Amino acid sequence: MAVMTMVEAIRAGLGAALEGDERVLLLGQDIGVNGGVFRATEGLQERFGAERVVDMPLAEAVIVGSAVGLACSGLVPIPELQFLGFGSQAFHQIEGQVARMRFRSQGAYPMPMVLRAPFGGNVRTPELHSDAHEAKYVNAPGLKVVMPATAHDAKGMLTEAIRDPDPVLFCEPLRGYRLISDEVPEGDYTVPLGRARTVREGSDLVIVAYSAAVVVATRAAERAGEEGYSVGVLDLRSLVPLDVDALREAVAGCGRALVLHEAPLSAGFGAELVATIQEEAFWSLEAPVLRVTAYDAPYPPGGIEERYVPSVERVLAGVRTALEA
Amino acid sequence: MAVMTMVEAIRAGLGAALEGDERVLLLGQDIGVNGGVFRATEGLQERFGAERVVDMPLAEAVIVGSAVGLACSGLVPIPELQFLGFGSQAFHQIEGQVARMRFRSQGAYPMPMVLRAPFGGNVRTPELHSDAHEAKYVNAPGLKVVMPATAHDAKGMLTEAIRDPDPVLFCEPLRGYRLISDEVPEGDYTVPLGRARTVREGSDLVIVAYSAAVVVATRAAERAGEEGYSVGVLDLRSLVPLDVDALREAVAGCGRALVLHEAPLSAGFGAELVATIQEEAFWSLEAPVLRVTAYDAPYPPGGIEERYVPSVERVLAGVRTALEA
Amino acid sequence: MGAGVTATDAAAAPRCLLAPDGTVADGHVPALDDAGLLDAWRAMRLSRTVDARCFSLQRQGRLGTYSSVNGEEAAVVGSAWALDPARDWVVPQYRELPAMLRQGYTLVRALQYFMGFPAGNHMGEGVNLLPYQISLAAQIPHAVGLAWGLRHQGSDGVVCCYFGDGASSEGDAHEALNLAGVRRAPVVFVLKNNGWAISTPVRRQTAASSFADRAAGYGMPGELVDGNDLLAMHDATTRAVARARAGDGPTLIEARTYRMGPHNTSDDPTRYVDAAELEERRAADPLVRLRRHLDARGLTDDAAEAALEAEHKALVDAAVAEAEATPPLGPAAMFDHVFARPPQRLDDQRAVAEAADPPEMP
Amino acid sequence: MGAGVTATDAAAAPRCLLAPDGTVADGHVPALDDAGLLDAWRAMRLSRTVDARCFSLQRQGRLGTYSSVNGEEAAVVGSAWALDPARDWVVPQYRELPAMLRQGYTLVRALQYFMGFPAGNHMGEGVNLLPYQISLAAQIPHAVGLAWGLRHQGSDGVVCCYFGDGASSEGDAHEALNLAGVRRAPVVFVLKNNGWAISTPVRRQTAASSFADRAAGYGMPGELVDGNDLLAMHDATTRAVARARAGDGPTLIEARTYRMGPHNTSDDPTRYVDAAELEERRAADPLVRLRRHLDARGLTDDAAEAALEAEHKALVDAAVAEAEATPPLGPAAMFDHVFARPPQRLDDQRAVAEAADPPEMP
Ligand SMILES: Cc1ncc(C[n+]2csc(CCOP(=O)(O)OP(=O)(O)O)c2C)c(N)n1
Ligand SMILES: Cc1ncc(C[n+]2csc(CCOP(=O)(O)OP(=O)(O)O)c2C)c(N)n1
Ligand SMILES: [Mg+2]
Ligand SMILES: [Mg+2]
C-alpha cells in the first residue's frame with residue numbers, strides 16, 4: 001500500500017468515482033483548470049472533461065441548489081464548497097432542500113449527493129475560512145455528516161458516501177490535507193459510515209474526537225502516557241450516523257471521557273457527545289465528561305488562532321482535570 | 001395590570017421602543033400596512049410612519065444585511081424574519097456578519113439590533129414555517145438568543161434586548177402568540193437576559209424548557225403531580241446568556257432533570273443543557289438527564305405534526321422513565 | 001433578441017395577442033387549434049372551481065392553508081400548454097396547480113397535500129414535476145440544475161420554472177438566472193408578476209419598470225407578456241421552449257397578471273388592497289376574456305359553461321371524498337423516506353414512537 | 001440615463017477619457033486639477049510599492065495572505081477621489097487599499113491586519129469606512145443599509161461600495177442592488193471587473209455582455225467605464241455621487257480593468273492565465289497611461305517618479321517597523337469586543353484562558 005496525504009487520497013477517490021460511474025459529476029469554484037484551491041481536484045478536468053468537472057460561478061446557494069436539480073435528473077453531483085464557512089451562504093439550500101427533498105417527495109427524489117467542504121484552523125487563512133460548523137448541519141435532519149481523520153478513511157468514506165443514496169456533508173480538514181498521511185489502498189474499498197475507530201486503547205480515560213482533532217487527541221494521549229495515565233482515543237469518523245455503541249463501550253471501559261473539537265463550546269457537537277454518553281453510560285461514569293473546545297467567540301485573526309484552536313496542552317490539562325476529578 | 005396575549009405584549013414593547021428612542025426602526029416583510037402576518041406590528045406604521053416601520057422586498061439576507069448597515073450608521077434596527085425557518089436564507093449575514101461585526105471591527109461597529117423571528121409547531125403552517133433552529137444560532141458566537149415563554153417576559157425581554165448593545169435573536173412562539181396570555185405592566189420595565197425563571201418548585205425532578213415548550217412542561221408537571229410526583233419547571237428565558245447557576249441549583253435540589261424542546265434531538269440545544277448540567281451538577285445527579293425533543297427527521301406535514309412536537313404525554317412518559325431510573 | 005430588451009421596451013405595454021374584447025391581433029394565427037383552446041379553457045375553468053372549493057373546505061376546517069390561482073389562470077395554462085409533458089418538466093412555486101395537473105399530478109394528491117398528508121407531495125410515478133416549493137425562489141436553482149442534467153444526459157427536455165414577483169427578490173433567483181445563462185440551460189423562466197407578495201405591491205418589491213429588464217444582465221432574452229392573455233402566454237412560451245430545445249439557452253418571461261383574491265386562506269387583503277384597483281383588475285379576468293373569444297368562435301356559450309362547471313364540481317366532489325378517505329397517519333409517516341439508509345439512532349426513535357403509539361390500521 | 005443602458009450599449013466599448021497614449025478626449029475638461037492629478041498619481045504609485053513589499057513580506061513569513069491592487073489602481077483611485085471623506089463612506093471588498101487610505105485608514109493598521117493583529121481591522125476613530133469583507137458580496141447589503149441610515153438621519157453622505165465580478169454572482173449582490181433601487185439609497189456601486197475570480201474568467205461568471213446591463217433590472221442607471229482610465233472613473237463616479245447626494249438614488253458602475261498579478265499570495269495564475277493575454281493586458285497598465293499624461297503636462301518625469309518611489313519605500317519601511325512592533329497577542333485578544341455585555345459563561349472561559357496563559361506585557 002502506498003502512503004498518501006489526505007488530499008491525494010481524496011483526489012484518488014474522486015478520480016475513481018468519475019471513472020467508475022458516469023452519473024458522477026463535480027461542480028464548484030476553481031475546481032477545474034485550477035484543480036481546486038487546495039488541489040483536491042487537480043488533473044480531473046483534463047481526464048474527464050469540463051462537462052464532468054465543472055467550474056461554477058461564485059454563488060454557493062446555486063452550486064448546492066443546482067446540484068439538487070442535477071440529482072433530480074438522475075445524476076450523482078459532488079458539489080464543493082470552497083470552505084465550509086461559506087456553506088452559510090447555501091444554508092437554506094442545504095438544510096431546507098438537500099436534507100429534505102427525499103422526505104418531501106416521499107422517496108421520489110432521493111439526493112445521492114456528496115457536499116465536499118474543507119474547514120479547520122491553524123492554517124492562517126483569512127476570516128471565516130476556518131470555522132467548524134458541523135453541529136449546525138447535524139441539527140439539520142436528513143443529512144449525513146462525515147469527518148474523516150486519516151487519508152485511508154478519507155478515500156474509503158468518500159467512496160462510501162458517493163455510493164450512499166442519502167446526501168452527505170463530507171468535511172475535510174484543511175490542516176490535514178498535507179500534514180496527515182498514511183497508507184491508502186490503490187484499488188476500490190469503502191469504509192462504512194457510522195463506525196467509529198479506536199485509535200488507541202486506554203484504561204483511565206477516552207478522548208472522543210473527529211477530523212484533524214484526532215491528531216491533537218492522539219498526541220495528548222501519548223503525552224498523558226508519559227505522565228503515567230492510560231488514555232484511549234476514539235475517532236468518530238462520522239457524526240451522522242453516530243456510533244452510539246462505540247461511545248458506550250469506550251466509556252464503559254474506563255469510566256471517564258473527554259470530548260474534543262475545534263468548534264465553539266455552546267451547542268457544539270461536543271454537547272451532543274456528552275449528552276449521549278451520559279444517556280448511554282451514566283452508571284459507568286466516574287467523573288463528569290469534560291469538553292475541550294474553542295471558546296464561545298468568533299474564530300479570531302491569525303495572530304491569535306493557535307490559542308483559540310484546542311492545543312495538545314489544553315487537552316492534556318483537561319485530561320489531568322478529568323482524571324483528578 | 002392588564003392581561004395581554006403574547007403578540008399584544010410584543011406589539012406594546014415595539015410601540016414603546018419606537019416612541020422612546022428615535023434611533024429605533026423596524027424593517028421586514030408585510031410589517032407595515034398589513035401589520036405583520038401575525039399582527040405583531042399592527043398599527044405601528046400609522047403611528048410612526050413608513051420611514052420607521054418599513055416594508056421590505058422579499059429577501060431575508062438583505063433585510064438582515066441592510067440592518068447591519070443601519071446599525072453602522074448609528075440606528076437601532078429591529079428586522080423581522082417572517083419565520084425563523086427563513087433565517088436560513090440570511091444565515092451567512094446573521095452568523096457571519098451580525099454576530100461578528102463588533103469583534104471584527106474591534107468595537108468600532110457595535111450591532112445593537114434585535115432580530116425578531118416567530119417559530120414553533122402545531123399551528124398547521126406550510127412546510128419550513130415551524131422549524132426550531134435555535135441551536136444553530138447558539139453555536140454562532142457573538143449573538144444572544146432570547147426565547148420568552150410568557151407575555152410578561154416577551155415585553156420585558158424585548159425591551160431589554162433593544163437596549164442591549166449586543167445583537168439579539170428574539171424568538172417568538174407562533175403557537176403562543178394568542179394562546180399565551182398573562183399580566184403585563186402597562187409602563188416601562190425590563191426583564192434581564194440570562195436569568196431563568198422557576199415556574200414551579202419540585203423535589204423529585206426538574207423539567208428545563210423555554211418558549212412555548214414551558215407550557216407543555218408545566219402541564220406535564222401538573223399531571224405528574226396528580227400521579228404523586230413533585231416535578232418542578234425551569235423556564236430558561238434566554239439560551240445566550242445561559243443561566244448556568246439556576247440550572248445547577250435546580251438539579252442540585254432534586255437530582256433529576258428532563259430537558260425539553262421542539263427541535264430535533266441530535267445537536268439540539270437540549271444536548272447543551274445536558275452537557276452543562278452534568279458538568280455543573282454531576283455529583284448531585286441520581287439518574288441520567290433525559291431529553292424529550294422532536295425526532296431526527298424534518299418537520300412533517302400538518303397531518304402528523306402533533307406526533308412530532310413533544311406532547312404532554314411524551315413529557316409525562318419521560319418523567320416516569322427518569323423517576324424510575 | 002431579448003438580449004436587446006431594454007427599459008424602453010419594458011416601459012412599453014406587455015405583449016398582447018388576445019384583446020380584452022376577445023378579438024385576436026391582426027395576422028396572428030394561434031398555435032392552439034379549437035380542441036387545444038377548449039382544453040385550455042377547461043383547465044382554466046376547473047382551476048376556478050378548485051379554488052372556490054378549497055377555500056370553503058379550509059373555512060370548514062377540512063383543509064390547511066390554501067393559495068388560489070384565481071386571476072392567474074391564463075399565465076399558468078398559456079405557458080404550461082406549450083410544454084410536452086412526456087419530456088418537458090414543470091418546477092412550480094405553489095400557485096400553479098393547472099400546470100401541475102397537466103404534467104400528470106392528480107387532484108386527489110393536491111387535496112391530500114393541502115390536507116397535510118405527505119402522500120400529496122409525491123408528484124406521481126413518471127410525472128415530470130417537482131413538488132410545491134414553500135421556500136421562495138429555492139426551486140429556481142433546482143430548475144437550472146434539472147435542465148442542465150437532462151441535457152447532460154442527452155435529453156432534449158425543457159424545464160418550465162415558475163416563480164413570483166416576490167420570489168424574484170431572493171438571492172436564489174439571481175444566482176439561478178445567472179447560472180442558466182452561463183450554462184445555456186434549457187429553462188423557460190415564467191415570472192408571474194401578480195402585483196403582490198402578500199401585502200407588498202410590486203413598486204415596493206423593485207424599482208425596475210419590468211422584470212424582463214433583468215434578462216439582459218444574464219445574457220438571455222427577456223419578454224414582457226400580458227399574463228391574462230392565454231394566446232400571448234402560449235406564443236411566448238412556445239418560442240422560448242423551441243429556443244431552449246434547440247440548445248439556444250434560457251428565456252425570462254414576465255407574465256404580468258393580477259392576484260384577484262387574498263394571498264391565501266389566512267390573508268385579509270382588505271387591509272392593503274385598494275377596492276377600486278381590485279374592481280378594475282377583476283374586469284380584466286382572463287377567463288372572461290377567453291370566454292369572449294370562444295363565444296365569437298362559437299366554441300362555447302353560457303349553457304356549455306354551466307355544464308362544464310357542473311361536471312367539474314362533480315369531479316372535485318369525488319376527489320375530495322377520495323382525499324378525505326386517506327387513512328389517518330401513524331408515527332411511520334414521520335420516519336418513512338427521511339433516509340434511504342436511516343441511522344440506527346433514527347430507527348431507535350421510530351421504534352419508540354411506534355411502541356408508544358401503534359400506527360392505526362387502514 | 002443608465003436605465004436606458006442596453007446590451008447594445010454594453011457591447012460598445014467602455015467609456016474612456018484618457019487614451020492609452022495619455023491624451024485626453026476632445027472637449028473633456030478633467031475635474032481633477034494638477035494638484036489633484038498628482039495626488040491621485042501618488043496614491044496609485046504608493047499602492048504599487050505596498051503591493052510589492054507585502055508580497056515579499058509574505059514570502060519571508062512576516063505577513064499572512066495578501067491580495068494586491070496591482071492593475072486596478074485607476075479604478076480604485078479614480079472612484080475614491082470623487083468622494084468627500086468627511087461625509088462620504090467607503091465599503092470595500094479587500095482589494096481597494098488606496099480608497100481605504102484616502103478615507104483615513106493607515107498603512108500601519110493595514111499591515112497589522114495582514115499580519116493577523118485584530119487592531120488592523122479597526123478602521124480608526126471617525127474614519128468613514130467599513131472593514132475588509134472576506135465573505136464575498138456580504139458588504140453590499142451593509143452599504144445599502146448604511147446609505148439608507150445616513151439619509152434617514154439627515155446626512156447628505158454617499159456610500160461608495162466596491163465589489164468584484166465574482167462577488168456579483170452572489171445572491172447578496174442582487175438583493176442589495178434591488179433594495180437600493182427601491183429605497184433610492186445614496187450608493188455608488190463600483191463593480192470592479194478585473195477579469196477573474198481566482199481562476200474563473202468572467203465569461204464563466206456570467207453570460208451578460210456587461211455588468212452594467214444589470215442596472216436596468218433594478219431601475220437604476222448603469223455605466224460601463226474603462227477601469228484603467230483615472231479620468232473616466234473619476235468622471236463617472238463624480239456624476240454618480242452628485243446624483244446620489246441630490247436624492248436621485250444609486251448608480252452601478254462597471255469598472256472594466258484587469259488583475260495583473262496572482263489572485264493572492266497563495267495563488268499560481270500560470271495554471272490558468274494565458275501568458276499572451278497577460279502581456280497584452282500589462283501593456284494597458286493604468287500607471288503607465290497616467291504617467292504619459294502627466295509627462296505630457298510636464299507634471300512628472302523619470303527622476304520625479306524615482307524620488308517618489310524612494311519616498312514611498314521609506315514610508316512603507318517605517319510602517320512595517322511600527323506594525324511589527326505591535327505587542328504579541330495574549331488570550332484577551334480572543335475575548336475583547338465579542339460582546340459589550342459578555343455572558344458570564346464567556347467571562348469564565350476568558351478567566352480560564354488567561355490563567356492558563358497570562359497575557360504577555362507590552
Ligand atoms: C424564503 C421565504 N420567505 C418568506 C416566505 C413567506 N411568504 C410566503 S408567500 C410570500 C409572498 C410570495 O410572493 P410572490 O413570490 O409574488 O408569490 P405569490 O404569492 O404572489 O404568487 C411570502 C413572503 C416564504 N415562504 N419563503
Ligand atoms: C462567499 C465566499 N465564497 C468564496 C470565497 C473564496 N474566494 C475568495 S476571493 C474569491 C474570488 C473573488 O473574485 P472577485 O469578486 O472578482 O474579486 P477579486 O479577487 O477578483 O478582486 C473567492 C472565490 C469567499 N471569500 N467568499
Ligand atoms: Mg406575487
Ligand atoms: Mg475579479
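First the proteins, then the strands, lettered A, B, ... as listed; each starts at 1. Predicted model only: the values in this text are computed from it and were never measured.
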**Item:** No-hydrogen, no-angle side-chain donor-acceptor test under 3.5 Å, Arg87(C) and Ser155(C)
**Value:** no

**Item:** Residue part contacting chain A, namely of His152(C), when any heavy atom lies under 4.5 Å
**Value:** side chain

**Item:** Engaged part of Val127(C) at the chain A interface, taking heavy atoms whose separation is under 4.5 Å
**Value:** backbone

**Item:** Segment of Leu27(A) engaging chain C (4.5 angstrom heavy-atom cut-off)
**Value:** side chain

**Complete:** Counting heavy-atom pairs under 4.5 Å with chain A, the top scorer among Gly120(C), Gly149(C), Ala119(C) is Gly149(C)

**Request:** Decide if atom CD of Glu322(C) counts as having more than 12 heavy atoms of other residues, nucleotides or ligands within a radius under 6.0 Å.
**Result:** no

**Request:** Below 4.5 Å from any heavy atom of chain C, which atoms of Gln93(A) appear? Answer side chain, backbone, both or neither.
**Result:** side chain

**Prompt:** What part of Asp164(A) lies closer than 4.5 angstrom to a heavy atom of chain C: side chain, backbone, both or neither?
**Reply:** both

**Asked** Leu242(A) versus chain C, heavy atoms under 4.5 Å apart: side chain, backbone, both or neither?
**Response** side chain

**Message:** What part of Ala147(C) gets within 4.5 angstrom of chain A, counting heavy atoms only: side chain, backbone, both, or neither?
**Reply:** neither

**Request:** Heavy-atom distances under 4.5 Å only: say whether Arg345(C) touches chain A with side chain, backbone, both or neither.
**Result:** side chain

**Message:** Counting heavy-atom pairs closer than 4.5 Å to chain C, which one of Lys144(A), Arg23(A), Met101(A) comes out on top?
**Reply:** Lys144(A)

**Asked** Where does Ala143(C) contact chain A at under 4.5 Å (heavy atoms): side chain, backbone, both or neither?
**Response** neither

**Asked** Counting heavy-atom pairs under 4.5 Å to chain C, which of Val240(A), Val62(A), Thr276(A), Val54(A) comes out on top?
**Response** Val62(A)

**Message:** Given heavy-atom pairs under 4.5 angstrom as the criterion, report whether the side chain, backbone, both or neither of Glu60(A) touches chain C.
**Reply:** backbone

**Message:** Counting neighbours of CD on Gln344(C) that are heavy atoms of other residues, nucleotides or ligands and sit closer than 6.0 Å, is the number greater than 12?
**Reply:** yes

**Message:** Heavy-atom cut-off 4.5 Å, strictly under: side chain, backbone, both or neither for Ala67(A) against chain C?
**Reply:** neither

**Prompt:** With chain C, which of Val244(A), Leu25(A), Ile63(A) has the greatest number of heavy-atom pairs at distances under 4.5 Å?
**Reply:** Leu25(A)

**Prompt:** With respect to chain A, which residue among Ala333(C), Ala138(C), Gly171(C), Ala176(C) yields the maximal number of heavy-atom pairs within a distance under 4.5 Å?
**Reply:** Ala138(C)

**Request:** State whether a side-chain donor-acceptor pair under 3.5 Å links Thr206(C) with Arg214(C).
**Result:** yes

**Item:** Under 3.5 Å donor-acceptor, Gln103(C) side chain and Asn128(C) backbone
**Value:** yes

**Request:** Verify whether the ring centers belonging to Tyr132(C) and Phe114(C) lie closer than 6.0 Å.
**Result:** yes

**Asked** With a 4.5 angstrom heavy-atom cut-off, which part of Leu177(C) approaches chain A: side chain, backbone, both or neither?
**Response** neither

**Request:** Pick out which of Ile140(C), Leu136(C), Val190(C) makes a side chain to side chain contact (heavy atoms under 4.5 Å, CB included) with Gln93(C).
**Result:** Leu136(C)

**Asked** Where the side chain of Gln45(A) meets the backbone of Val53(A), is there a donor-acceptor pair that is under 3.5 Å apart?
**Response** yes

**Message:** At a 4.5 Å cut-off on heavy atoms, which part of Gln133(C) comes close to chain A: side chain, backbone, both, or neither?
**Reply:** side chain

**Prompt:** Between Glu51(A) and Arg183(C), does at least one N-O distance fall below 4.0 Å, as a salt bridge requires?
**Reply:** yes

**Prompt:** Side chains of Arg248(A) and Ser284(A): do they bring a donor and an acceptor to under 3.5 Å?
**Reply:** no

**Message:** Is it true that Asp30(A) and Gln82(A) share a donor-acceptor pair across their side chains at a distance under 3.5 Å?
**Reply:** yes

**Message:** Looking only at side-chain N and O atoms, does Gln205(C) offer a donor or acceptor that is under 3.5 Å from a partner on Ser169(C)?
**Reply:** yes

**Message:** For Asp172(C), which atoms come within 4.5 Å of any heavy atom of chain A: side chain, backbone, both, or neither?
**Reply:** side chain

**Asked** What part of Ala185(C) is in contact with chain A, defined as an atom under 4.5 angstrom from a non-hydrogen atom: side chain, backbone, both or neither?
**Response** neither

**Asked** Is the gap between the ring centers of His133(A) and Phe91(A) under 6.0 Å?
**Response** no

**Asked** Given the options Leu179(C), Val144(C), Ile134(C), which has more heavy-atom pairs under 4.5 Å with chain A than any of the others?
**Response** Leu179(C)

